[in-house]
Amino acid sequence: MLRINPTLVSNILSAQSLEELHPMVQGAIELEHSTIPPYLTALFSFKRGKGKEVRPIIESIVIEEMLHMTIASNILNALNGRPQIDKPAFVPNYKCPLPMGINVGFEVGLEKCSIDVVQNVFMEIEEPETILNINYAVKATDTYKTIGEFYGALAKKIDELAPDIMPGDPAKQVVANNYFPPDELFAIRTKQDAIAAIDIIVEQGEGTSTEPVDMYGEVAHYYRFKEIVMGKKLIKDPHADHGYSYSGAPVPFSNDDVWNIFPTTKVWMLPPGSEQWHRAQEFNYFYTMLLEGLHRTFNGEPTFLSNTMGLMYDVKLTGEKLCEMKFPGKDGFYVGPTFEYQKQPPQQM
Amino acid sequence: MSYFDRTHLVFSGDFLSDVSTVNNDPAHYNNATFKPEYQIPREQGSPIMNGWWNPVGGANFIFQNCNVQMVSMNDGNIKDDPTGDFVVGAFITGPSGRNTGKMVDLDPQEQGTSELWAIKFRLVTCANELLFEGDLKPTPFRDLQYRQQDGITSNGQPLGGVWTSVLTNVKWGERANISPFLQELKAKTKGNKLSINLNAYGYYYNHNDGRFAMGRVLGTIGPWYESDPDLFPACRRLYGIYNAGTDEKPKVYFGSTNFVVDQDWKSLRIDFGMSFPISNAVGTVSMTENLYLAVSKSSLSDGVATSEVFLLEHTFEMIGQVKYQTGDHWLNKTGGIMSFDVGPEHMSLLANHQLVLLHLNDDGDYQLVARESVDGYYLRADNFVLRMDADSTAAVTLYAYQYGKPLSNTNITVAMEAPTPCTPVSDKNPISYIPGINFPQDGIKFSPGATGDLNGKTSIGLLAQRIFKPRDYIDGQIYLFDYQFEGQEPDPAFGVESIYVHLRDYFPVPAQPKWEDIEETMIQFANLYPIMSKYIVDLADPHAVAARATILRFAFSQDINDPLYMPVTRDLSEGKRLTILKWLDNPIMPTGAPTTKQPPQKGCPPESLRAESVPTYNRLQKLVAAKQAQNINLDSTPKIFKK
């Protein structure tokens with residue numbers, strides 16, 4: 001479970017003004033983003049034509065994390081804040097604890113897809129407050145809070161402090177219904193909009209407290225990742241507890257399906273001037289340009305989102321090509337996507 | 001005077017051009033004969049071409065590692081250090097928050113005029129503060145010529161080429177106000193534009209030196225003036241005449257070199273950045289020959305030849321020695337732009353006599369390396385590469401000069417080249433027959449002649465007719481129009497210049513398109529661009545296409561000047577593009593199996609119309625064979641001159 005620093009929750013609950021919530025929501029944007037590079041790295045690590053059942057699972061979760069990042073940005077804009085996305089500190093220095101977490105040794109790197117990573121990292125990130133089909137329920141204690149509690153506190157405080165009509169400029173709201181359905185991504189104009197949007201983030205991630213699906217019947221992230229570990233799709237099963245069991249279509253995974261990328265590859269690890277070094281820098285540049293484009297999108301140019309689509313594909317293409325390149329000097333390893341902040345096109349050292 | 005203006009900036013660095021190469025072979029367009037191995041890279045050095053050297057290229061073009069090296073002020077002052085002007089060292093970067101531009105061929109049967117599209121050019125400080133930005137007007141390269149003495153030792157491509165263009169919609173950053181150079185440039189330039197020239201060389205086909213798909217670029221930026229063409233500088237030209245190779249596989253160094261004579265400042269500026277021989281792919285100069293610029297007192301019209309031509313000393317007036325430097329610093333620092341002071345007598349001689357580049361050999365004789373165009377004539381089309389749809393019109397603007405001055409009221413002629421025969425399947429062409437070009441001859445109506453105005457400017461109108469798959473399996477047709485001064489032969493040292501038109505097939509949009517209406521095109525895309533089919537969406541699969549309808553609809557509906565425009569190659573008939581969009585709005589799935597058929601092989605023009613051979617010496621046509629690594633001299637030439 002992603003353990004949230006309890007002071008963040010208490011800070012939300014003790015806030016006296018909406019402005020005091022700004023850094024908390026900024027933290028939420030950073031947290032939602034921070035899951036994307038690890039998930040994308042796992043996705044990019046698949047060899048072409050492999051992972052036909054696993055890749056769509058990871059891809060669907062990545063897309064929802066992008067949605068959550070967008071929703072969190074909309075909430076911050078609705079609170080009259082300014083999402084800060086185009087800055088070096090926005091990008092986690094993997095391998096590292098995720099934002100807002102308390103450092104209890106849980107660090108996230110950029111690794112190839114494996115059962116181990118899905119089970120011990122991705123499912124840990126997405127673990128709900130209450131895990132269904134398990135005999136015990138994890139309960140939040142005073143030493144940590146859950147991400148669900150964090151969002152719950154945020155919704156409660158917005159309900160308490162915000163006027164019925166949110167104070168932010170509605171023209172800054174990103175409503176990209178070409179890419180996300182209108183009941184998942186909508187303009188946050190009212191207090192109720194904000195609370196409903198927060199519910200979407202929590203339920204898509206965790207499911208409800210009684211079912212592993214969200215309000216739209218979609219399997220929550222934790223349970224979707226578990227499909228990879230169980231090797232079967234989660235389907236409705238009237239005989240099972242909570243009405244679901246992992247007895248659906250096979251979700252086969254083999255370690256041979258993925259390139260053996262070096263964990264958390266950095267540009268500095270690559271020989272300067274090598275082809276891999278150039279391509280990794282290009283990847284970083286595209287990724288940073290994407291952050292720059294998203295920053296513009298969430299800071300008053302909502303229709304700019306479409307322009308960033310090309311960069312999303314460039315990140316994907318260069319990332320996948322990196323995974324196919326042998327790592328110079330590290331026998332048996334390939335180059336992983338680097339996800340580092342690099343504002344300038346590749347430069348010689 | 002454009003980028004040759006006294007006020008100019010020089011930058012240098014690398015570029016990445018991640019072009020896709022499955023489409024380099026016209027035969028790969030034939031869906032019926034396409035095989036999966038055509039999407040696999042060619043093994044370096046293997047005679048089996050497969051998908052050539054970069055089948056999964058995405059056509060991205062990015063300036064990398066490019067910095068301002070020096071600036072030249074109007075008073076002749078050079079600043080090559082940030083302490084002189086902080087713009088020295090500034091970075092060239094791409095657009096803010098969106099993807100970069102593209103480099104694409106006009107067509108698989110016209111690969112010698114590759115264009116840059118949708119490039120946003122930004123000059124920023126090391127702190128990423130904007131100095132200026134502008135949109136590069138799409139521009140094809142030309143003046144392809146030999147650069148490397150090491151042949152293909154490392155990179156696999158010994159040629160260099162030139163992109164000349166303008167930056168439009170120029171916006172200046174606040175920090176530009178504290179650069180004396182940028183202030184001067186801003187004050188001089190007109191129309192919110194800037195002139196830009198990019199001399200590219202050292203492109204890597206090979207996975208060597210960590211530089212795969214990269215090349216070097218020497219860039220120059222100057223003011224733009226109202227009377228300037230956009231896609232080439234108003235200047236004078238030196239043409240190389242000495243062939244250091246063989247008749248079959250020529251190797252002409254200093255092939256084309258631009259220069260201007262500046263009456264006001266009594267000087268001559270010449271751009272050796274586009275032509276100076278280099279010993280490797282990163283711009284190292286190794287030759288140590290004595291080279292001189294001089295003015296010939298008599299008219300010269302020598303053509304390209306392997307034999308040496310010598311000028312006697314009394315037949316020319318010396319302007320000065322070309323004081324280049326060996327090593328990799330000189331070209332990259334100065335861009336190869338040199339300035340010569342010219343005395344009054346030589347100035348008046350230069351007004352109506354040819355400039356020559358001479359080599360002083362070991363015997364003390366002056367060998368003619370390059371000479372100015374015959375009688376100083378220079379005629380060039382500005383927008384010489386066009387993409388046209390049926391029933392559309394276009395105007396090509398041409399400029400005529402003599403010894404650098406506009407040539408008024410001059411007559412020019414334009415002629416469509418004769419149809420070329422199709423190439424049957426053979427040992428040398430094993431995949432598919434390849435259709436000919438330039439037919440049907442009435443595909444484009446045009447005026448065969450025109451008269452320039454007082455400023456030497458004229459335009460040729462083109463009226464595109466409807467053509468119906470004359471090349472069977474490749475969309476539309478390629479037409480070449482040769483132009484020259486009326487009554488004159490092409491300069492034997494340079495040959496004919498052409499206008500290149502891709503006329504797309506006429507294709508009416510069906511009321512309710514079915515998959516079968518777009519299937520041939522989509523399968524072809526899937527075959528030719530594995531970057532799409534292997535990494536993003538299999539365009540040959542209607543269900544996969546429908547599943548990505550939102551993003552594909554977005555890409556297929558962009559403006560052609562947008563980097564996201566599909567198809568990236570910008571070669572699809574407008575009717576076909578609209579049909580794809582309409583299908584995406586309402587995807588009607590096929591009912592039967594794929595219907596790929598062998599095309600009917602009607603892509604061969606009637607014998608009576610075919611050209612017997614290429615009518616005139618056309619350097620470009622010889623050089624573009626470099627992409628096929630055919631008929632081009634790939635040998636190393638450590639010493640260009642015999643003595």
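Predicted model, so just to flag it, every value in this text is computed and none were measured. Here is the naming used below: chain letters follow the sequence lines, and residue numbers restart at 1 for every chain.
- Proximity to chain A is limited to the side chain of B:Phe554, based on heavy atoms less than 4.5 angstrom apart.
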N/O donor-acceptor pairs under 3.5 Å from side chains in residues 48-56 of chain A, not counting sequence neighbours:
unit_1, atom_1, unit_2, atom_2, d
A:Arg48, NE, A:Glu324, OE2, 3.2
A:Arg48, NE, B:Tyr535, OH, 3.3
A:Arg48, NH2, A:Glu324, OE1, 3.1
A:Arg48, NH2, A:Glu324, OE2, 3.4
A:Arg48, NH2, B:Tyr535, OH, 2.7
A:Arg55, NE, A:Lys50, O, 2.7
A:Arg55, NH2, A:Lys50, O, 3.3

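- Checked for salt-bridge contact, A:Arg279 and A:Glu282 meet the test: a charged N lies under 4.0 Å from a carboxylate O.
- The structure places CD1 of A:Ile57 at 9.0 Å from CZ of A:Arg224, a figure rounded to the nearest 0.5 Å.
- Between B:Arg122 and B:Asp135 there is no salt bridge, since no side-chain N of the basic residue sits under 4.0 Å from a carboxylate O of the acidic one.
- For B:Phe61, the ring-ring contact (aromatic ring centres under 6.0 Å, His included) partners two or more places apart in sequence, or in a different chain, are B:Phe15, B:Phe63, B:Trp163.
- Applying the side chain to side chain donor-acceptor pair (under 3.5 Å) test to A:Gln84 and every residue at least two apart in sequence or in another chain returns nothing.
- In terms of heavy-atom pairs under 4.5 angstrom with chain B, the leader among A:Lys343, A:Met309, A:Lys321 is A:Lys321.
- Side-chain contact, A:Thr318 with A:Asp314: no donor N or O sits under 3.5 Å from an acceptor N or O.
- Counting only N and O atoms by type, the side chains of A:His221 and A:Gln204 include no donor and acceptor under 3.5 Å apart.
- Only the side chain of B:Thr550 comes within contact range of chain A, with at least one heavy atom under 4.5 Å from a heavy atom of that chain.
- Under 4.0 Å is where a charged nitrogen must lie from a carboxylate oxygen, and between A:Lys47 and A:Asp257 no such pair does.
- Looking at B:Val56, both its backbone and its side chain come within 4.5 Å of chain A, counting heavy atoms on both sides.
- Using a 4.5 Å cut-off between non-hydrogen atoms, the part of residues 286-299 of chain A that approaches chain B consists of A:Phe286, A:Met289, A:Glu292, A:Gly293, A:Arg296.
- Looking at B:Ile531, the atoms closer than 4.5 Å to chain A (heavy atoms on both sides) sit in the backbone and in the side chain alike.
- Most heavy-atom pairs under 4.5 Å with chain A: of the set B:Asp562, B:Ile551, B:Ile62, B:Ile92, this distinction falls to B:Ile551.
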